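Here's the structure we're looking at; comments come further down.
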2 protein chains.
Amino acid sequence: MSGSICLRPKEAFSVPEIDEIDHHVLRLLREDGRRTFSEMAERIGLSVAAVKRRVDRLRELGVITGFSVQIDYAKLGWGIEAFTELRYPGTTPVSEIIRTAADVAEVQAVFTIAGDPDALIHVRVRDLGHLQKVIDRLRRAGDVTGTKTLLVLGSWTRDAPVP
Amino acid sequence: MSGSICLRPKEAFSVPEIDEIDHHVLRLLREDGRRTFSEMAERIGLSVAAVKRRVDRLRELGVITGFSVQIDYAKLGWGIEAFTELRYPGTTPVSEIIRTAADVAEVQAVFTIAGDPDALIHVRVRDLGHLQKVIDRLRRAGDVTGTKTLLVLGSWTRDAPVP
DNA sequence: CCTGAAATCCCGAACGC
DNA sequence: GCGTTCGGGATTTCAGG
């Protein structure tokens, strides 16, 4: 299994020593994660070395956990996106919920929830037949007592760069 | 408003000419979006120029829509994450649903849904009082007929790099 | 915490296969 | 489609304020 289980609170309180410049760096990297240090230095009005040190420090603090590419999965043939709400018996531990769902390759993210439902699963599949297979696997994986699937028609994400 | 509205189908059918090497490039960039072309070239067994051409082409095809940084928002003091299901009257157009929700700064993503509910909103807030304000704003923004909020206790994301 | 400079490495374009 | 070459630019490190 790739990825990592991380239950909040990762950090009970926020890291104190994050200033405005750090937020500026983060904003620039959210817009484009491959921005060069030189370009950021120019925009911020700082030297290249200073910007690099900010980014290094944000990684060490765990504020920046990584960098990744944004992909249009529909263009790769994975055109269907859905959220499946899962309900479990009260005896099921959270760690098992995450493990069983994460074992399904089509699962992109697992959110454990306070209340009802117990978990919200983000899945990406090729077509509706594929979706049904994935839901069936989720139902059988743990001792699921009920599911409800929300089929995504469209989506908007903040700061998704427009090509 | 930052970001972009994108309703599926972005592409009714998948781009045909994506081969195994392209998938390898995408996998490497998902793991680390700031990988250099040289490092990818070495891993794949191709020249640097060839890898760069692959990435350029994937961007032109719209498969790669951008790059971004992964942030632990809890460390920045935004420790609460939730999904809010919204219900609208049948007369509300989808575009207005997205617009009203996206105007709220705390909204990270909006998913329009086939069936019930009509939309699923991913929000990030500082604390529970903040969450209540955001939900109130969502209720008043459009002509919302009902909401249900799922409070996230923990999350797992595929390919989230562990530091 | 910053700047500036030097060595190293990478990018990007051009050319030929 | 691929590789090679090469000049300009970026990264990284380190001395010094």
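Lettering follows sequence order; numbering is per chain, from 1. Treat the numbers as computed from the prediction; the structure is a model and nothing was measured.
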Legend entry - Neighbours of DNA chain C within residues 37-44 of chain B, by heavy-atom distance under 4.0 Å: B:F37, B:S38

Inset, instruction - Report the distance from atom OH of A:Y73 to atom OG1 of B:T65, rounding to the nearest 0.5 Å. - result: 9.5 Å

Inset, instruction - Could you label the plane-to-plane angle of the A:F111 and B:F83 rings as parallel, tilted or perpendicular, counting under 30° as parallel and over 60° as perpendicular? - result: perpendicular

Inset, instruction - Run through B:K52, B:R54, B:R53, B:R59 and flag the one making a side chain to side chain donor-acceptor pair (under 3.5 Å) with B:D56. - result: B:K52

Inset, instruction - Determine, for nucleotides 1-7 of chain C in 5'-to-3' order, which nucleotides have protein heavy atoms under 4.0 Å from the base (write B), from only the sugar-phosphate (write S), or from neither (write -). - result: SBBB---

Inset, instruction - From the options A:E106, A:E81, A:Q108, select the one residue that forms a side chain to side chain donor-acceptor pair (under 3.5 Å) with A:H122. - result: A:E81

Legend entry - Rounded distance [0.5 Å steps], CG in B:D72 versus CD1 in A:I64: 11.0 Å

Legend entry - Lys/Arg-Asp/Glu bridge criterion (N-O < 4.0 Å) met for A:R57, A:D22: yes

Legend entry - D:dT12 phosphate, OP1 or OP2, under 4.0 Å from A:K52 side-chain N/O: yes

Legend entry - Residues which pass ring pair (Phe, Tyr, Trp, His ring centres under 6.0 Å) with A:H23, listed by chain and number, not counting sequence neighbours: none

Legend entry - Nucleotide C:dC11, atom C1' - distance to CZ of B:R35 in whole Å: 18 Å

Inset, instruction - Could you tell me whether B:K133 atom NZ has more than 12 heavy atoms of other residues or ligands within 6.0 Å of it? - result: no

